[in-house]
Amino acid sequence: MTVHTSNPPSGYPPAHGTRGDCVLAPRALTYLNVREGATTALVTTVLAVAVCFLPDPAWRTVLWVIVGVLAVVSLLIELPWLNRKQVENTSYTVTEDYVYITRGWLWRRTTVIATAQILNVEVVQGPLLRVFDAVSVRFTCISEVEGLGPLETDAAERIRATVLHAQSEPAR
Amino acid sequence: MTLSTDAVPRRLPLRYLPASYVESSPKLVGSFVAGAVYLFGPSVWPGAWAWLALGPLIAVLVFEPVWRWTFTRVALTPEHLVVTTGAFTRRQQSLAWADIGTVDSRQSWAFARWNLRVLTLSQAGDERTKVHLWAVDEDLHGEVTARAGHALGTVRAAAPTVEEASIQERPAPGTLLYRVRLTHLLLASVVYGQFALIGGGAALAVSETLGMFGADAALARWLPLSPLVWAVAIAVSIIALGLVLTVVRYASFEVRRMSGDRIVISYGLFSTHTRSVSRATTIGIVLQRNIVETLLGRVRLSLLTTDSAAQLGTNLLLPSLPRRVVERLLHEAFDEAPSTRLLTGDRGARAGGTGVALLAGLIVAAVLAGWVAAGMEWPPLLVLSTGAGVFAIAWPATVVLCSRLRVDAGSDRATLLVSHVVQRQTVLSTAAVHIVGTSRVAGYPLFADVCFYAGMPRTFRALRFSSAEVDALSARIAATVPLARTHRRASAPAPT
């Protein structure tokens, strides 16, 4: 067996950093926006309530303004821009030989896992994911759990079937 | 609990009890003497309260052998070794013969008298996956090691002496790869710092014992020497004691290649240890040299196995040896010339300079931090802690900065190189790599991660790497059959 160093033939993982074959679910951006929006609202509320307990009214006003500005800036950057970049730049390829995941735009993280080394595939669906009819997939390996999502249910099932089928094959 | 086996469970040999008590007799006698001193010497702190610690210790030493002998059962089935332990909570460990990757056979000086050994059987995994047989006689030892495919080839003889038992423990012929010389052992003890660890510990124990009986004051009266002479005498004693104990512990250190493609490591003078490592368990080799070894042109070689990444006492193949000798032995041991540039092919002048500069830089940073803390009039303990903290944070950070990943095209090995104060080169079978990851900032490659399993999950992070080589490694792990976790699966290509 030879190892490629430049132009990989089909069947090998894509070069690190390049796009995979599949992308996230079509409603992934909406899901991320709703999730981030809800998280920001919750954190802002908790901070605002906490500020209420400060004895100095001047400090209370200053901190409320800071919390409000941070929330608005966060929503203005994250919802229309960062989430879109995250969805656009997350892709994956799952074959019987490898799982390739790449994500991130400015900070780009690429992971290749040998399918035969994957211990388990978890398909997770929380209440919010259920609303969007999507799931998240987690690959359990020796040292870490690599997450991927949101994905359509069919895509997740295909991933699980591919990995489990590869593992059920006899040793080559 | 019922055993799902067709074999009759057997107890540990009855002579395990006297052997165990003889082995622990120094601790028992020492504990009783210390307890008596604490009890009847009113001026010795903490007095009778010391029995709160000594009592449980003595109880364990007295009752543990009886407990183990009473409640341990061993059964050998065609497929499994089944060991049942525990009184209230019965624990049954079943280990498939095919899963056994390494066998550790130890015979202490006390066990040699009764011809018994302690066996530890390991598969790919951490400490919890190991199975211990606290005492096995010759028959059980031979049967277990033979079924596990790790026959150690010991020669049976009647009523062996301690010396004969030491010779017996050595594996039968195979191919002798290395036998230690006294000079190698002494040098290894010095460059590893073993003499300081072992000798320091022993000297501390002697000092405490003398102090306990008030003999230190009497000694000072009989030998009225200056503090400097005392300091030199103690330092010489530590070095001498450390060297002697190292020689006793690792005497007759041998490495052999046995049938079945196993490596067998054996050593020990009064207490002997034999470790048999199968090829399927071996995922790589580690070459290492510290600054002293670099200056002396020496390298040490150890195996990297799925159950351990430890060196001395477990997987060390060769103590510090001249790099040319290590290179030759590497070829002999693994029948293949390593294509990756190894430490053995480098005189290390540059690495030695890097190591010295790094060490000096780390020390300067720690001293500067302490100096700044002292300038702020912090208490002395906090000043020391600040310096130590800076050193402790800077060390791992600089290790990552000095790390490099190399993958040769056409090779089934990845090389993980750290050129720090200690230069370490791990040659890893690509079949043992589970995950390969990279991180980039604005398209610029920042670092690469390689995850593998050696006794525990381990991640090697390299700042210097080639993107093409990382792609090649990814292709390799996707295409290669993973290293067999057991013999039940197909074996993988050799690591070197």
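So you know, we letter chains A, B, ... as the sequences are listed, proteins then strands, and number each from 1.
- Looking at heavy atoms from C-beta onward, B/Leu446 lies in side-chain contact with A/Trp107 at the 4.5 angstrom threshold.
- Nearest heavy atom pair, residue B/Asp471 against residue A/Ala15, reads OD2-CB, 3.3 Å.
- Heavy atoms of B/Ser467 lying under 4.5 Å from chain A are absent altogether.
- Remark: A/Arg84 CZ is loosely packed, at most 12 non-hydrogen atoms of other residues, nucleotides or ligands lying under 6.0 Å away.
- B/Ile435 has its side chain within reach of A/Thr111: a pair of non-hydrogen atoms, C-beta onward, lies under 4.5 Å apart.
- Heavy atoms of A/Thr115 lying under 4.5 Å from chain B are absent altogether.
- Atom-to-atom distance recorded for A/Gln117:CD and B/Tyr453:OH is 12.5 Å, nearest 0.5 angstrom.
- Taking A/Arg108 as the reference, nothing meets the salt bridge (charged side-chain N to carboxylate O under 4.0 Å, His left out) condition, with sequence neighbours excluded.
- The stretch residues 436-445 of chain B places B/Val436, B/Gly437, B/Thr438, B/Ser439, B/Arg440, B/Val441, B/Ala442 near chain A, each with some heavy atom under 4.5 Å from a heavy atom of that chain.
- Note that the OH atom of A/Tyr100 and the OG atom of B/Ser474 stand 8.5 Å from one another [nearest 0.5 Å].
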